[in-house]
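Reading through the structure tokens given below for one structure.
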Amino acid sequence: MEYNFGEIEKKWQQRWIADGTYKVTNDPSRPKYYVLDMFPYPSGAGLHVGHPLGYIASDIYARYKRLKGFNVLHPMGYDAFGLPAEQYAIDHGIHPAVSTDENIANFRRQLDNIGFCFDWSRSFRTSDPDYYKWTQWIFLQLFASWYDRKQSKARPLSELEDLFTREGNAGHPCPGDPGIRFDAAGWKGFDQARRQEILMHYRLAYCGYGEVNWCEALGTVLANDEVVGGVSERGGYPVVKKKLRQWYLRITDYAERLLGGLETVDYSDAMKEMQTNWIGKSFGAEVDFEVYRSSEKLRVYTTRPDTIFGVDFMVIAPEHELLEKITTPEQRTAVDEYLGYVGSRSERERMAEKKISGCFTGAYAIHPFNGLHIPIWTSEYVLAGYGTGAIMAVPCGDERDFKFAQYFQLPVTNIIGDAFNGLDANPTKDAILQNSDFLDGLVMKDAILIAIRKIEEKGIGVRKTNYRMRDAAFSRQRYWGEPFPIIWKDGIATPLDESGLPLELPYIDKYGPGPEGEGPLANVPAWTERRLETNTMPGYAGSSWYFLRYMDPHNDGTFCSRKASDYWGQVDLYIGGAEHAVGHLLYSRMWTKFLFDRGWIGHEEPYKRLINQGMIQGSSRFVYRLELRGKPEMGEGRSSGPGIPIFVSAGIAAIDGTPEFHELVTFGVRDILNDPSIDLEDISVSPLHVDVNIVDGMELDIEAFRQWRAEYGNAEFILEEGKYICGAEVEKMSKRLYNTVNPNDLVKKYGADTYRMYEMFLGPVEQSKPWDTKGIEGVFRFIRKLWRLFYDETKGKVWTVEKPTEAEWKCIYRTIKKAEDATERFSFNTGVSALMIGVNELTDLKCHKKEALEKLVVILAPYAPHLAEELWHLLGHAGSVLDASYPAVDERYLVESAKNYPIAINGKTRTELNIALDATQEQVEEIVLADETVRRWLDGNPPKKIVYVKNRMINVVV
RNA sequence: GCCCGGGUGGCGGAACUGGUAGACGCGCAGGACUUAAAAUCCUGUUUCCCGCAACGGAAGUACGGGUUCGAUUCCCGUCCCGGGCACCA
């Protein structure tokens, strides 16, 4: 009986569906484990071998945990709303719902081939009205909540209104506009419109005017994490700053908890650091400087108040409100000119070329301690959006300030003595302060707090913590997203009644912007008549809480019952790409904290452990085409120096026109042609990507190449040793580079089990690595070898019910131990190795005994599920192997009672001694000292110490 | 520039808290079976030295130092690669 993976895999995939093998119930009597993959955005591109990597890893772990007795939740769904589908609709006239359907069907077909244990009965898409009903509902709760900074938690807005009625807002300053202050009477005196305006400043989901990243090409606003290097992440279109009415999430209020929460979760250091950087917490002080001959005060933010005596000038952002007021008449023209220049520069230009620029305002600030007059400049290197939009410049300690001072030839005060060399700023905190009045002689880092205290005493400033993170833009001028359940009544945003949810997205077939640049919904009369909000929510809305919906996917009374979320709790293991570090991961953490604050769920961090799978890179292959340099001279034979082949020049492609036919030169000869020391006149070679699937290792399949594309039908080849050898390079895996490998092709050729194991065998899941199909044969061989423990191709069944021998048990238990350890610590490549070693040993032992093989099948099940089911079945078991339990290791078979230990003197091995494994340190010393050889070494002297190392070696130190 | 990772055979990679470096697989070389091929199996495969050989010896985990009886693992410095951030005061 032969191993027929095609039949076996098909059979079991059908059985799993028929038997509902992977259906999970919320069963509080059993311990739970939640394994989650980041759900995919169903793009039209199709899968390559890089995509299923994380899914295979999570699948193995989910199956392993199930065998270990856990009730495992392992769901899958689709992040279906978003820009690309709508972009596709605009370009091809296909409705996003239709293309999304197609892409999902295609995706599902590809996934099903690989044999995952997802519980598809819990699946959904974020674009399902049954799902986004609850996305809208959560939005309404955010809208109806505020963040109590004293209690550090979200509370219902009604409680805030009660507070206002009783005591005004003195206890809870307005986060949106600190200038708004009122007492109880004041609140009672406000009309409804004013009250709503004030409340809007407190809401966790709020609408306001603000600078946003506007992308003209996409016709929408983008969140900070969707803008990379001044252009849109999707499509790479230019992005400009624009003031617009937008919805926001007040994520900044959660900054501290998002930071603190990182200490309670198990993410990689890199991931934690990315989030920490994004949040960008800094500690320092805000200091007020009086402006000379003005009643205005200039407030700056600094993390280095210790350097306050090194201030040589002040810089305010070009957008700073004070700029207008303090600019002197003499400087007016210059400042206006400068503002014109700043306005002309796009965000992208600013990022690309960081030119030093700026303009003196004519005004001076007065130093609060020494009364010196400090010139106030404006420059775009100071950002309006951070801190107070103004800084005190200390050129001797800050590189940017120093460069600015140099450029404009401003004097530099040195407050750190020798630590400043006059050529570069020195940002140290360890230098000793000079020229610094009451801070003289102090080490800078100690002076920080002393300076702050003095500033506070003097009443000219306060300590201040700042965060770089901004509130998240939450609206998009687009169609394919969740509609906001908001009606505008007389300019007041009014929530839709819950009974009106879901507010369904209407069908449209034109995706252009509305009459005033709003989203396409503004063109739907039925929509605008109801005065519904025309923006839609961004892509991350639906993905911010989806992990909760899987727990209770069909509940139409609530987003997820408390009972269900209490049972399943946190996602125990979350697997996905690192690209979501600051987007999805932060938003979903915030939403979870919010739902926790309001008591709808019982935990405030969504993901207990996060693993970022590495990228699978493509290993591209190249062929080298001969080309003519300069003037083509056709029809002439050409030969050259010794060892260099003769080329048929008639075949050489003319550089300017379509080649008549292609002449391709093998890798080994290509370099000779490019060598300038050899005169080949006008021939050169250019590398061309060739489909990796028609290259075996490095050798090109010439026939397949000729058929690959029509233009190569009559290609000629210059070979080495009768072969055409390709060049290679590691690049991103992409269709364009012809280096993609389709998992389905591998599944067809080797079976899903081999494919899965090979993908794991390649290396650690977290690590990025280039794909190389070559080694899959090794795993395939292993699987067939395993099969032969049960069945012989000619003799048929070979397994017996004989009792395994001592040696066979030893082998089995050793294998279980290794496989279990590896799987537990997520090291699936060594897990596969452990299985390989086990099977090799059993083969050598000619062990075909059922009792031993049974255990092998169970530990195989996470890795090669189809084969394990088949073998389990053949050994006479009914039902799924996953309902077996993971075999316990019988330790007795692992330890030997005694062992020959090498004994070394000062590390040099001299002899061996048989010592019981459970011997204590004292017993070991006794035995060692009694040994004749050792006594000879010691020659009557006592040893310094005897080191007994981990069952490995005994070292006598003299 | 700053902050994280990481440098181990021809290749992918093992070595869990310092304890026999190179597991497992690929590739390569040789061999067995076969008329032949496929498949399968066996042997060898870090480098250098000695020898007919079994065996033996030395060096070796990017480089230079250190701690330790003992370092791929810990510490300091240098170089290189990958990733993230980049006017955040």
Side-chain angles (χ1 to χ4, degrees), chain A residues 2 229 268-278 280-282 284 300-305 307 315 317 350-351 354-356 379-394 397-401 403-404 427 466-470 578-579 581-582 612 614-615 617 619 697-698 757-758 761-764 766-782 784-785 788 793 818 821-822 824-825 827 829-840 843 902 904-909 943-958:
Chain A
E2 223 174 309
S268 71
D269 290 346
M271 182 60 46
K272 285 187 181 181
E273 203 202 313
M274 273 189 250
Q275 295 204 7
T276 305
N277 285 347
W278 185 261
K281 181 179 180 173
S282 68
V300 301
Y301 173 69
T302 178
T303 56
R304 297 297 301 276
T307 63
V315 187
R350 258 183 79 153
M351 293 208 169
K354 282 169 195 160
K355 281 202 290 195
I356 299 170
S379 170
E380 58 179 345
Y381 88 86
V382 172
L383 305 174
Y386 184 77
T388 60
I391 62 153
M392 56 178 220
V394 182
D398 184 286
E399 204 184 317
R400 295 154 304 179
D401 297 346
K403 288 202 172 127
F404 193 85
N466 260 327
Y467 301 92
R468 193 183 316 188
M469 184 168 64
R470 302 270 78 96
E579 67 273 18
V582 292
N612 299 111
M615 273 231 293
Q617 293 138 315
S619 183
M698 290 297 158
M757 287 187 96
Y758 181 59
F761 187 65
L762 226 44
E766 295 97 321
Q767 196 169 301
S768 288
K769 59 234 154 189
W771 178 264
D772 175 16
T773 302
K774 202 86 197 176
I776 198 170
E777 297 280 352
V779 175
F780 193 44
R781 246 171 246 154
F782 152 76
R784 279 176 302 174
K785 201 167 184 175
R788 286 198 300 271
E793 274 150 37
K818 279 195 277 184
D821 283 355
E824 189 65 58
R825 73 192 145 93
S827 174
N829 55 333
T830 49
V832 174
S833 293
L835 291 168
M836 285 179 169
I837 297 166
V839 167
N840 281 342
T843 303
I905 176 159
N906 282 352
K908 289 221 173 197
T909 313
K944 263 193 206 147
K945 61 177 165 177
I946 294 175
V947 192
Y948 172 46
V949 188
K950 272 202 186 172
N951 302 348
R952 294 235 179 236
M953 174 183 281
I954 293 161
N955 194 14
V956 181
V957 184
V958 292

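Residue numbers start from 1 in every chain, and the chains themselves are labelled A, B, ... in the order their sequence lines are given, proteins ahead of strands. What's counted below: heavy atoms across the whole structure, side chains too, no hydrogens, waters or symmetry copies.
Each of A:N840 and A:R825 lies near RNA chain B, and the nucleotide nearest A:R825 is the one positioned closer to the 5' end. Heavy-atom nearest nucleotides on RNA chain B were determined for A:T830 and for A:M836, and the one closer to the 5' end corresponds to A:T830.
Protein atom OH of A:Y381 is 17 Å distant from nucleotide atom C1' of B:G1, rounded to whole Å. Rounded to whole Å, atom P of B:G5 lies 6 Å from atom CG of A:D269. Atom-to-atom, CZ of A:R468 to C1' of B:C87 comes out at 10 Å; the value is rounded to the nearest Å. Going from atom NZ of A:K769 over to atom C1' of B:G5 covers 15 Å, rounded to whole Å. When rounded to the nearest whole Å, the span between CG of A:D821 and P of B:A15 equals 11 Å. Between the C1' atom of B:A86 and the NZ atom of A:K403 lies a distance of 12 Å, rounded to the nearest Å. In this structure, A:Q617 places its CD atom 13 Å from C1' of B:G12, rounding to the nearest Å. Look at CE on A:M615: it is 19 Å from P on B:G6, rounded to the nearest Å.
Proximity of A:Y386 to the phosphate of B:A89: a side-chain N or O atom is located under 4.0 Å from OP1 or OP2.
Using P as the reference atom, B:G22 and B:A86 are 45 Å apart when rounded to the nearest Å. Across B:A36 and B:C26, the matching C1' atoms stand 27 Å from one another, rounded to whole Å. Remark: the separation of the P atoms in B:A59 and B:U8 is 22 Å, to the nearest Å. Straight-line distance between the P atoms of B:C2 and B:U61: roughly 29 Å, to the nearest whole Å.
Nearest to the side-chain atoms of A:I837 among the listed nucleotides B:A89, B:A23, B:G25 stands B:A23. In this structure, the nucleotide among B:A14, B:C26, B:A89 sitting nearest to the side chain of A:I391 is B:A89. Nearest nucleotide to the side chain of A:E273, out of B:G13, B:C4, B:C85: B:C4. Here the nucleotide nearest the side chain of A:M274, chosen from B:C4, B:G84, B:A15, is B:G84.
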Between protein and nucleic acid, restricted to nucleotides 39-42 of chain B and to nitrogen or oxygen atoms under 3.5 Å apart, what atom pairs and distances do you find?
{"from": "B:U40", "atom 1": "OP1", "to": "A:R784", "atom 2": "NH2", "distance (Å)": "3.0"}
{"from": "B:U40", "atom 1": "O3'", "to": "A:R788", "atom 2": "NH2", "distance (Å)": "3.3"}
{"from": "B:C41", "atom 1": "OP1", "to": "A:R788", "atom 2": "NH2", "distance (Å)": "3.4"}

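A:Y758 and A:D772 form no side-chain donor-acceptor contact under 3.5 Å, judged by distance and modelled atom types alone.
A glycosidic torsion no more than 90° from 0 defines the syn conformation; B:G5 lies beyond that range and is anti.
Considering only heavy atoms from C-beta on, A:P427 stays 4.5 Å or farther from A:D398 through its side chain.
Contacts of A:Q767 with the nucleic acid, taken as non-hydrogen atoms under 4.0 Å apart, involve only primed sugar atoms and P, OP1 or OP2. If you check every strand for non-hydrogen atoms under 4.0 Å, A:N466 touches nothing. Contact annotation for A:V382: base contact, defined as any heavy-atom pair under 4.0 Å involving a base atom. Among the heavy atoms of the strands, none lies under 4.0 Å from A:P770. Residue A:N829 is in sugar-phosphate contact alone, with no base atom involved, counting any heavy-atom pair closer than 4.0 Å across all strands shown. Using a 4.0 Å heavy-atom criterion, one finds that A:S827 contacts no nucleic acid atom at all. Note on A:L383: a base of the nucleic acid sits closer than 4.0 angstrom, heavy atoms only.
A:R304 places no side-chain N or O within donor-acceptor distance of the main-chain N or O of A:G397, the cut-off being under 3.5 Å. Judged by distance alone, with hydrogens and angles left aside, the side-chain atoms of A:K785 form no donor-acceptor pair with the main-chain N or O of A:M836 at under 3.5 Å.
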Strand RNA chain B as a dot-bracket string - pairs counted if Watson-Crick or G-U with both distances under 3.5 Å, | where the partner lies in another strand: (((((((..(((......[....)))((((((.......))))))((((......))))..(((((..]....))))))))))))....
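Each of A:I391, A:T307, A:V315 was compared with A:D401 under the side chain to side chain contact (heavy atoms under 4.5 Å, CB included) criterion, and only A:I391 meets it. The one candidate from A:V832, A:L835, A:I776 that meets the side chain to side chain contact (heavy atoms under 4.5 Å, CB included) condition with A:F761 is A:V832.
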